[in-house]
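What follows is a short report on a single structure.
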Amino acid sequence: MPKAGITPRAQDYSQWYLDIVREADLADYAEIVRGSIVFKPTGYAIWEAIQSGLDLRIKATGHVNAYFPLLIPKSLLLKEAEHVEGFAPEVAEVTRVSGVELAEPYVIRPTSETIIGYFYAKWIRSWRDLPLLINQWANVVRWEMRTRPFLRTTEFLWQEGHTVHATEEDAERETLLILHDVYGDFLENEMAIPVIKGLKTEKEKFAGALRTYALEAMMQDGRALQAGTSHNLGQNFAKAFDITFSDQNNTIQVAWTTSWGVSTRLIGALIMVHSDDEGLVLPPRIAPTQVVVVPIYKNEAEKVSVMATVARLTAEWKGRIRFKVDGRDNLSPGFKFNEWELKGIPIRVEIGPKDVAKETVAVARRDRPGREGKSFIPQAGLTEHLIELLADIQQSLFTKALKFREEHTFFATNLAELQAAVEQGFARCYWAGSKEDEQRIQTDFKATIRAIPFDQPPTPGPCVLTGQETTQQVIFARAY
RNA sequence: CGGGGCGUGGCUCAGCCUGGUAGAGCGCCGCGUUCGGGACGCGGAGGUCGGUGGUUCAAGUCCACUCGCCCCGACCA
């Protein structure tokens with residue numbers, strides 16, 4: 001039974017997504033600021049959980065955090081030709097202050113390669129200064145044409161890593177380290193989102209990059225969402241910003257740089273991968289609250305004994321389970337059950353007079369909504385049971401998402417199959433086409449090459465478009 | 001930016017065609033009864049009708065402009 005206020009996915013997937021955002025109280029429209037949202041406390045708490053999981057991994061791989069200015073002199077942005085061209089349409093400028101025209105306008109950063117490049121050129125003198133491994137948590141502004149809460153907003157929050165290396169190999173190793181050990185590990189193990197990792201085509205790569213690697217996830221409507229990118233910038237930015245160093249032989253060398261980022265879009269991915277028609281579903285490792293306790297009583301005497309039991313049981317949870325007790329007196333238990341399901345709390349524990357008498361509790365798991373996911377278990381050993389259950393929910397969410405992706409991925413040998421596949425999910429196929437061919441597929445089928453996956457076949461086959469023999473397979477999909 | 005739809009109490013919407021001074025349900029506040037899957041009764045508060053300008057004796061209603069949101073498309077994390 002779908003919740004009041006939530007459009008079923010099958011009826012209108014876009015509307016379902018917006019309903020979840022509103023009903024789970026994640027965000028509010030900042031209708032006075034075009035394309036912007038307010039991250040409400042529940043939505044921001046999810047971002048904080050994402051931040052802490054990523055920050056841990058970013059630091060574990062040797063990076064440190066810093067912060068660079070929001071405003072970038074316009075002249076700096078213009079230094080890398082391909083980069084300018086890529087971002088020009090979506091850059092906002094500050095041209096006047098107090099009514100007076102500025103001698104040189106500033107742009108609000110759409111990303112920080114340019115201003116960071118300027119400072120890196122100042123800071124780096126010797127091979128001993130390398131590698132330089134810095135990350136920043138920041139907001140950026142891109143004036144996109146069409147916005148959607150979390151998935152694409154005018155201003156968004158993200159982290160952007162910017163590193164400098166002495167050799168091309170080092171830069172490439174860094175780019176892949178981030179892709180696998182930071183993003184891939186975090187997405188799959190913390191967010192329970194299975195990803196396809198691979199290389200972007202020339203058409204899809206970051207403006208100014210040598211090559212771009214990305215992680216692509218499948219949403220429940222079969223569309224792809226780029227969850228993160230890691231760019232090997234080669235020497236393009238180093239040349240434009242004069243990032244050079246003296247090597248061991250005292251020869252001046254141009255450095256190699258990388259950049260990589262994930263954004264608050266991940267919250268959108270989280271919603272679209274796991275949630276259902278009952279509301280939000282949060283993986284336990286990301287959920288700001290993992291267990292909610294709903295006490296049940298109908299008079300003061302029952303309240304006293306129930307709350308005593310709640311206090312005794314939850315005392316053991318501190319430091320092991322993130323939980324809260326819903327002590328609101330004005331709402332019925334049934335209302336609370338529905339509300340916490342809507343908000344995606346992984347486990348609900350109900351404790352009433354019968355449980356006090358029988359030394360049991362009712363435990364409901366969110367990944368199986370309604371009464372179906374509810375069982376009565378003894379109070380003895382409850383803490384361990386809940387911890388195991390959280391791990392089980394985490395695992396089953398990942399397994400379910402992976403199964404969905406596999407069931408919606410099809411191998412295409414011709415254009416008709418390719419079209420049919422991208423209407424359902426991902427199309428995997430041999431590809432030897434040009435950039436123009438890729439554009440044609442996009443025009444005809446609304447699908448783009450999301451990735452050239454790392455796992456490639458041992459044997460060649462005919463290109464889905466040209467028929468030419470090739471060993472390269474790609475993933476086509478409609479994308480967010 | 002192009003095509004379509006929509007802005008009226010916190011939310012969902014009616015009223016607009018055919019101008020006459022604003023309504024419903026839910027929510028909210030108070031009191032009481034309730035409480036194991038979205039409780040009920042009684043009483044109450046709450047709206048310069050997205051904004052600006054115009055037409056008119058009179059505008060939520062008609063006209064123009066503008067801002068924002070949603071859907072589809074092109075651009076993108």
Side-chain angles (χ1 to χ4, degrees), chain A residues 1-5 7 12-15 17-19 22-23 28-37 85-91 110-111 139-160 183 200 204 206-207 212 214-216 225-231 259-269 278-279 294-300 302-303 306 328-342 348-358 360-362 364 369-374 376 439 442-443 446 448 478-480:
Chain A
M1 176 80 84
K3 292 284 187 287
T7 307
D12 184 342
Y13 194 81
S14 286
Q15 191 56 51
Y17 175 79
L18 295 167
D19 290 346
R22 184 190 64 247
E23 293 294 318
D28 194 8
Y29 286 100
E31 59 271 343
I32 50 171
V33 187
R34 198 203 99 105
S36 296
I37 59 170
E85 197 187 328
F87 280 100
E90 49 197 68
V91 168
T111 178
N139 57 339
V140 291
V141 167
R142 296 182 188 176
W143 219 263
E144 301 288 354
M145 292 179 176
R146 185 172 164 198
T147 58
R148 292 153 74 85
F150 297 119
L151 297 173
R152 177 164 299 105
T153 46
T154 301
E155 175 186 359
F156 58 95
L157 308 180
W158 76 345
Q159 59 68 217
E160 48 179 324
Y183 296 158
K200 285 284 178 185
E204 296 285 323
F206 176 75
T212 291
L215 305 98
E216 294 283 331
L225 186 136
Q226 180 173 298
T229 47
S230 185
H231 315 291
S259 71
W260 28 274
V262 300
S263 73
T264 38
R265 159 179 270 197
L266 287 184
I267 298 172
E278 313 297 316
V294 177
I296 297 158
Y297 45 80
K298 50 174 167 281
N299 55 50
E300 197 55 31
E302 284 184 359
K303 180 175 178 177
V306 165
R328 293 175 295 178
D329 256 338
N330 54 329
L331 298 171
S332 70
F335 182 90
K336 293 178 182 176
F337 299 166
N338 283 284
E339 176 167 300
W340 295 119
E341 273 174 18
L342 187 57
R348 183 181 69 248
V349 172
E350 306 165 16
I351 303 177
K354 294 174 199 165
D355 297 303
V356 173
K358 292 192 288 189
T360 58
V361 298
R371 287 200 179 82
E372 190 195 323
K374 195 144 123 177
F376 292 86
Q439 180 59 49
Q442 181 175 359
T443 308
K446 300 179 200 161
T448 49
R478 294 181 178 166
Y480 276 95

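In what follows, chains are A, B, ... by sequence order, proteins preceding strands, each numbered from 1. Computed from a predicted structure; not experimentally measured.
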Which of the following nucleotides, [options], is nearest to the side chain of [X]?
{"X": "A/P353", "options": "B/G37, B/G36, B/G73", "answer": "B/G36"}
{"X": "A/N338", "options": "B/C70, B/C75, B/G37", "answer": "B/G37"}
{"X": "A/E339", "options": "B/A77, B/G36, B/G38", "answer": "B/G38"}
{"X": "A/S14", "options": "B/C35, B/C70, B/C72", "answer": "B/C72"}

Whole angstroms only, please: what is the [atom1]-[atom2] distance between [X] and [N]?
{"X": "A/D19", "N": "B/C70", "atom1": "CG", "atom2": "P", "answer": "12 Å"}
{"X": "A/F337", "N": "B/C35", "atom1": "CZ", "atom2": "C1'", "answer": "10 Å"}
{"X": "A/R148", "N": "B/A77", "atom1": "CZ", "atom2": "P", "answer": "16 Å"}
{"X": "A/R478", "N": "B/C72", "atom1": "CZ", "atom2": "C1'", "answer": "12 Å"}
{"X": "A/N330", "N": "B/U33", "atom1": "CG", "atom2": "P", "answer": "15 Å"}
{"X": "A/E300", "N": "B/C35", "atom1": "CD", "atom2": "P", "answer": "15 Å"}
{"X": "A/Q442", "N": "B/C75", "atom1": "CD", "atom2": "C1'", "answer": "9 Å"}
{"X": "A/L331", "N": "B/C35", "atom1": "CG", "atom2": "P", "answer": "15 Å"}

For [X] and [N], is the shortest distance between a side-chain N/O and OP1 or OP2 below 4.0 Å?
{"X": "A/R146", "N": "B/C1", "result": "no"}
{"X": "A/K336", "N": "B/G37", "result": "no"}
{"X": "A/T147", "N": "B/G68", "result": "no"}
{"X": "A/Q159", "N": "B/A77", "result": "no"}
{"X": "A/R34", "N": "B/G68", "result": "no"}

Can you tell me the Watson-Crick or wobble partner of [N], both distances under 3.5 angstrom?
{"N": "B/C40", "result": "B/G32"}
{"N": "B/G2", "result": "B/C72"}
{"N": "B/C65", "result": "B/G51"}
{"N": "B/U18", "result": "none"}
{"N": "B/G27", "result": "none"}

For [X], answer base if it contacts any base atom (sugar-phosphate contacts may also be present), sugar-phosphate if it contacts only those atoms, and nothing otherwise; contact means non-hydrogen atoms under 4.0 Å.
{"X": "A/A227", "answer": "nothing"}
{"X": "A/T443", "answer": "nothing"}
{"X": "A/G268", "answer": "nothing"}
{"X": "A/G352", "answer": "base"}
{"X": "A/D355", "answer": "base"}
{"X": "A/E204", "answer": "nothing"}
{"X": "A/L18", "answer": "sugar-phosphate"}
{"X": "A/E144", "answer": "base"}

When you measure from the side chain of [X] to the backbone N and O of [Y], does any donor-acceptor pair fall under 3.5 Å?
{"X": "A/K200", "Y": "A/H231", "answer": "no"}
{"X": "A/E302", "Y": "A/K298", "answer": "yes"}
{"X": "A/D355", "Y": "A/G352", "answer": "yes"}
{"X": "A/T212", "Y": "A/F206", "answer": "yes"}

Can you check the distance between [N] and [M], where both ends of the measurement are the [atom1] atom (answer in whole Å)?
{"N": "B/G46", "M": "B/C26", "atom1": "C1'", "answer": "14 Å"}
{"N": "B/G53", "M": "B/G60", "atom1": "P", "answer": "14 Å"}
{"N": "B/C13", "M": "B/G50", "atom1": "P", "answer": "14 Å"}
{"N": "B/C65", "M": "B/G15", "atom1": "P", "answer": "25 Å"}
{"N": "B/C69", "M": "B/U8", "atom1": "C1'", "answer": "15 Å"}
{"N": "B/C49", "M": "B/U61", "atom1": "P", "answer": "9 Å"}
{"N": "B/G30", "M": "B/G19", "atom1": "C1'", "answer": "40 Å"}
{"N": "B/G27", "M": "B/U18", "atom1": "P", "answer": "38 Å"}

- Message: Can you classify the ring geometry of A/W260 versus A/Y183 as parallel (below 30°), tilted (30 to 60°) or perpendicular (above 60°)?
- Response: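 Taking A/Y183 first and then A/W260, their aromatic rings stand perpendicular (interplane angle over 60°).
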- Query: Hey, is A/F156 doing a stacking thing with B/A77, by the 5.5 Å centroid and 30° angle criteria?
  - Reply: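 Check passed, A/F156 stacks on base of B/A77.
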Could you report the tightest heavy-atom contact between [X] and [Y], atom names first, then the distance?
{"X": "A/L151", "Y": "A/R265", "answer": "O-NE, 3.2 Å"}
{"X": "A/V262", "Y": "A/Q159", "answer": "N-OE1, 2.9 Å"}
{"X": "A/T147", "Y": "A/G35", "answer": "OG1-CA, 3.5 Å"}

- Message: Are there over 12 heavy-atom neighbours, none belonging to A/Q439, within less than 6.0 Å of that residue's CD?
- Response: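 For A/Q439, atom CD is crowded (more than 12 foreign heavy atoms under 6.0 Å).
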Hey, is the side chain of [X] pairing donor to acceptor with the base of [N] inside 3.5 Å?
{"X": "A/R348", "N": "B/G37", "result": "yes"}
{"X": "A/E341", "N": "B/G37", "result": "yes"}
{"X": "A/S332", "N": "B/A39", "result": "no"}
{"X": "A/K374", "N": "B/G37", "result": "yes"}

- Query: When the nearest nucleotide of RNA chain B is assigned to A/G86 and to A/E350 on a heavy-atom basis, which residue is associated with the more 5' position?
  - Reply: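 In this pair, the answer is A/E350.
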- Message: Need to verify one output field. Residue with the more 5' nearest nucleotide on RNA chain B, A/D329 or A/E90?
- Response: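 Its nucleotide being nearer the 5' end, the pick is A/D329.
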